[in-house]
Amino acid sequence: MTKAVLITGGSRGIGRASARLLGARGWRVGVNYARNVAAAQATVAEVEHAGGRAVAIEGDVANEADVIAMFDTLQQKFGRIDALVNNAGIVAPSSALADMDLARLKRVFDVNVLGAYLCAREAARRMSTDRGGAGGVIVNISSAAARLGSPNEYVDYAGSKGAVDTMTLGLAKELGPRGVRVNAVRPGLIDTEIHASGGKPERAAQLGATTPLGRPGSADEVAETIVWLMSDAASYVTGALIDVSGGR
Ligand code: NAP
């Protein structure tokens with residue numbers, strides 16, 4: 001039976017690379033996006049070109065009604081749900097905490113924490129064996145920032161990813177007996193558009209050069225770990241926080 005996954009923020013960056021790799025493994029992929037429909041449609045085409053099936057699903061992970069509708073759409077389209085890649089996340093422009101306004105703090109925590117929790121909750125409701133589900137896998141996308149703290153750049157973002165790590169530890173214990181494995185991937189400096197959205201398009205290249213491996217990582221390199229965690233090859237792995245950070 002072909003499995004189905006919802007990838008939040010699946011239209012660009014790490015989400016898109018994961019969608020493409022899962023397509024090549026024959027998965028059916030829900031490509032969630034917030035605004036950029038053209039990028040989502042391009043990703044759907046890439047997944048299908050790679051051998052999978054895909055559907056673009058609009059929705060803001062910070063909006064409960066959107067999240068429920070996203071999961072409903074995936075299940076209506078493909079008849080099942082076997083995995084969640086809890087990937088959608090944002091940064092705001094680099095700043096000291098003293099200069100951050102309330103609206104910025106709220107949005108970072110709404111998307112990165114509340115959004116991740118709402119999506120994990122929906123996945124738990126639908127995949128847990130004690131609720132009629134068939135079991136499954138959740139991969140939360142955290143960040144090396146959770147252990148680095150990101151001073152003078154975005155301590156808000158770093159803290160939001162700390163929450164994702166802690167959710168991963170708790171949920172792995174909660175859902176393990178219910179047939180669902182839960183892990184987190186903590187990327188380091190990865191070459192995607194998220195750095196430009198924070199006002200520093202050269203950030204990954206510049207800081208990546210200072211890491212032990214001497215370069216930024218690619219979204220494809222992160223996707224490899226995400227897809228491995230989703231596979232039966234990782235069948236005894238749950239509650240793990242896995243760094244894909246070039247040694248940073
Ligand atoms: P990206 O290139 O900026 O892509 C972000 C994706 O998330 C897009 O598909 C975007 O959709 C979607 N998105 C944004 N806000 C959303 C919302 N409220 N609801 C639903 N979708 C939303 O980011 P990325 O670098 O691939 O990052 C992916 C994840 O990895 C994030 O959680 C990020 O924190 C984490 N991470 C990244 C790095 C890095 O260096 N790149 C390092 C550590 C951790 P639209 O196109 O519609 O906006």
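For ligands, and for the atoms within them, numbers begin at 1 and follow the listed sequence. Starting from 1, each residue takes its place in the sequence as its number.
Hydrophobic cluster membership is shared by Met167 and Val111, with clusters built from Ile, Leu, Val, Met, Phe, Trp and Tyr side chains linked at under 4.5 angstrom.
Under the 4.0 Å criterion applied to side-chain N and carboxylate O atoms, Asp165 and Arg147 are not assigned as salt-bridge partners. A salt bridge links Asp220 with Arg20: the closest approach of a Lys/Arg side-chain nitrogen to an acidic carboxylate oxygen falls below 4.0 angstrom. Using a cut-off of 4.0 Å between Lys/Arg side-chain N and Asp/Glu carboxylate O, Glu174 and Arg178 are scored as not salt-bridged.
Of the possible polar contacts, one joining the Asp82 side chain to the Ala4 backbone as a donor-acceptor pair under 3.5 Å is found. Counting only distance, with no hydrogens or angles, the side chain of Asp60 and the backbone of Ala62 share a donor-acceptor pair below 3.5 Å. For Arg104 (side chain) and Asp99 (main-chain N/O), no donor-acceptor pair under 3.5 Å exists by modelled atom type. No donor-acceptor pair under 3.5 Å is formed between the side chain of Ser128 and the backbone N or O of Asp130. The backbone N or O of Ile57 sits less than 3.5 Å from a side-chain atom of Asn32, completing a donor-acceptor pair. Distance alone, capped at 3.5 Å, is enough to place a donor-acceptor pair between the Arg181 side chain and the Leu229 backbone. Side-chain N or O atoms of Asp191 include none that pairs as donor or acceptor with a backbone N or O of Ser218 at under 3.5 Å.
Within the listing of ligand 1, atoms 26 (O), 30 (O), 37 (C) sit less than 4.0 angstrom from a heavy atom of Ile14. Listed by number with element, the atoms of ligand 1 under 4.0 angstrom from any heavy atom of Ile141 are 29 (C), 30 (O), 32 (O), 35 (C). The contact set between ligand 1 and Glu193, taken as ligand atoms under 4.0 Å from a residue heavy atom, comprises 2 (O). For ligand 1, the atoms closer than 4.0 angstrom to any heavy atom of Ala88 are 20 (C), 21 (N), 22 (C), 32 (O). Residue Val111 has at least one heavy-atom neighbour below 4.0 Å for each of these atoms of ligand 1: 18 (N).
Residue Ser142 touches ligand 1 through its backbone alone, judged by heavy-atom distances below 4.0 Å. Residue Arg186 does not touch ligand 1, judged by heavy-atom distances below 4.0 Å. Residue contacts with ligand 1 for Ala39 are absent, since no atom lies close enough (heavy atoms, distance under 4.0 Å). Contacts with ligand 1 closer than 4.0 Å are made by heavy atoms of both the backbone and the side chain of Asn36. Contacts with ligand 1 closer than 4.0 Å are made by no heavy atom of Val91, backbone or side chain. When non-hydrogen atoms are compared, ligand 1 lies under 4.0 Å from neither the backbone nor the side chain of Arg16.
Between Ile190 and ligand 1, at least one pair of N/O atoms sits closer than 3.5 Å. The distance criterion of under 3.5 Å between nitrogen or oxygen atoms is not met by Leu189 with respect to ligand 1. For ligand 1, the polar-atom distance check finds no N/O of Tyr33 at less than 3.5 Å from any of the ligand's N/O atoms. Of the N or O atoms in Gly188, one or more lie within a sub-3.5 Å distance of an N or O in ligand 1. Any N or O atom pair closer than 3.5 Å counts here, and Arg35 shares at least one such pair with ligand 1. At a 3.5 angstrom cut-off on N or O pairs, Ala34 counts as close to ligand 1.
Taking all heavy atoms of Ala204, Pro187, Ala38, Gly13 into account, the minimum distance to atom 43 (C) of ligand 1 is reached by Pro187. Of all the listed residues (Asn112, Asn87, Val185, Val61), Asn87 holds the heavy atom that lies closest to atom 31 (C) of ligand 1.
Nearest protein heavy-atom neighbour of atom 48 (O) of ligand 1: Arg12 NH2, 3.2 Å. Protein heavy atom at the shortest distance from atom 23 (O) of ligand 1 is Ile194 CB, 3.7 Å. In this structure, atom 24 (P) of ligand 1 lies nearest to the protein heavy atom Thr192 OG1, 3.6 Å. Protein heavy atom at the shortest distance from atom 34 (O) of ligand 1 is Tyr157 OH, 2.6 Å. Considering only non-hydrogen protein atoms, atom 7 (O) of ligand 1 sits nearest to Gly9 CA, 3.3 Å.
Nearest approach of Lys3 to Asp232, heavy atoms of both residues: NZ-OD1, 4.4 Å. Minimum interatomic distance between Phe109 and Asp156 (heavy atoms only, all atoms of both residues): CZ-O, 3.6 Å.
Distances from ligand 1 to the non-hydrogen atoms of Arg203 include no value under 4.0 Å. The closest approach between Thr8 and ligand 1 stays at or above 4.0 Å for every heavy atom of the residue. In this structure, Arg107 counts as a contact residue of ligand 1, since one of its heavy atoms falls inside 4.0 Å of the ligand. The shell of residues lying under 4.0 angstrom from ligand 1, judged by heavy atoms, includes Gly59.
With Val182 as the fixed residue, the side-chain contact (heavy atoms from CB on, under 4.5 Å) test singles out one of Val237, Leu171, Val137, Leu84: Leu171.
You'll find the side chain of Pro187 reaches within 4.5 Å of the side chain of Ile14, heavy atoms only. In this structure, Val37 and Glu58 have side chains that are not in contact, with every pair of non-hydrogen atoms separated by 4.5 Å or more.
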